[in-house]
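Below is one structure, written out as structure tokens; the observations come after it.
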Amino acid sequence: MDKILQYFPNLSPRQVEQIGKLDELYRTWNARINVISRKDIDNLYEHHVLHSLAIAKALRFQPGSTILDLGTGGGFPGIPLAILFPDSHFKLIDGTAKKIHVVEEVSKSIGLKNVTAQQIRGEEETGHYDFVVSRAVMPLPDLVKLVKKNISKRQNNAMGNGLFCLKGGNIDAEIHPFKRIAEVMDISKWFAEDWFMEKYLIYVPI
């Protein structure tokens with residue numbers, strides 16, 4: 001939790017309370033439904049919450065923005081972003097019912113009013129959003145092809161509507177088809193922990 005406050009010192013007391021509850025909630029649910037690697041649960045705030053919030057270092061979503069979290073798993077990056085941007089609306093989707101159940105229960109437990117969760121595959125999602133966010137769900141070319149149908153034409157933010165994707169390792173081949181339009185941001189420039197070396201946020205305007 002201290003790491004979150006280190007990088008996001010202007011959180012409201014409500015946001016601090018919501019983020020602070022995540023550790024106990026995810027430990028409880030993870031014991032029943034494995035949404036985070038059991039070996040990784042002790043690193044919840046660094047590897048999952050802070051990693052998700054890298055998107056907030058690139059762009060502050062304007063009030064009224066709509067964001068689709070595709071393949072959310074247990075709620076990342078959608079739940080941390082929904083805490084940070086209470087005036088934006090987030091839809092979190094995943095093909096696995098158990099994971100969506102965890103998302104719904106965690107959201108309810110911390111009082112998030114701006115989150116909708118649905119068990120649905122990306123191919124079936126028909127809504128339109130300012131942005132799609134995702135954490136390493138599939139290769140970038142496949143992801144861009146999948147979400148093109150979901151990007152709204154209405155512009156509401158400082159950056160054009162499109163996709164924010166969290167990736168790690170060697171991403172050269174994935175971004176090659178988009179090298180003229182994609183912006184690759186090195187997360188280790190925002191967060192000093194060693195774990196963020198070779199972790200990237202890729203933005204593709206669509």
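All residue numbers refer to positions in the sequence shown, counting from 1. Fair warning: this is a prediction, and the values are worked out from it, not measured in the lab.
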Should [X] and [Y] count as side-chain neighbours, where that means a heavy-atom distance under 4.5 Å?
X	Y	result
Ile79	Ser107	yes
Ile202	Phe178	no
Lys199	Leu166	no
Val35	Val103	no

**Asked** Any side-chain donor paired with an acceptor under 3.5 Å for Thr72 and Asp69?
**Response** yes

**Asked** Under 3.5 Å, is there a donor-acceptor pair between the Arg154 and His128 side chains?
**Response** no

**Message:** Between Lys108 and Glu105, does any side-chain N to carboxylate O distance fall below 4.0 Å?
**Reply:** yes

**Item:** Ion pair check, Arg27 and Asp42, cut-off under 4.0 Å
**Value:** yes

**Prompt:** For the residue pair Phe85 and Phe61, does the interplanar ring angle fall in the parallel (under 30°), tilted (30 to 60°) or perpendicular (over 60°) class?
**Reply:** perpendicular

**Asked** What orientation do Trp195 and His51 show, parallel under 30°, tilted 30 to 60°, or perpendicular over 60°?
**Response** perpendicular

Counting N and O atoms only, with roles assigned by atom type, does the side chain of [X] sit under 3.5 Å from a partner on the main chain of [Y], one being a donor and the other an acceptor?
X	Y	result
Asn150	Gly127	yes
Gln62	Asn156	no
Asn114	Ser88	yes
Tyr203	Met159	no
Lys57	Tyr7	yes
Glu174	Ile171	no
Asp87	Gly64	no
Gln15	Ile83	yes
Gln155	Asn161	yes

**Prompt:** Are more than 12 heavy atoms from other residues, nucleotides or ligands located less than 6.0 Å from atom CD of Glu124?
**Reply:** yes

Among the clusters formed by ILVMFWY side chains lying less than 4.5 Å apart, do [X] and [Y] turn up in the same one?
X	Y	value
Trp190	Met197	no
Leu140	Ile55	no
Leu68	Leu163	yes
Leu201	Tyr129	no

**Message:** Walk me through whether Phe8 and Leu50 qualify under side-chain contact (heavy atoms from CB on, under 4.5 Å).
**Reply:** CA-CA 10 Å; Phe8 295 92; Leu50 192 57; 4.0 Å; yes

**Request:** Determine the minimum heavy-atom distance between Ala182 and Val204, stating which atoms define it.
**Result:** CB-CG2, 4.1 Å

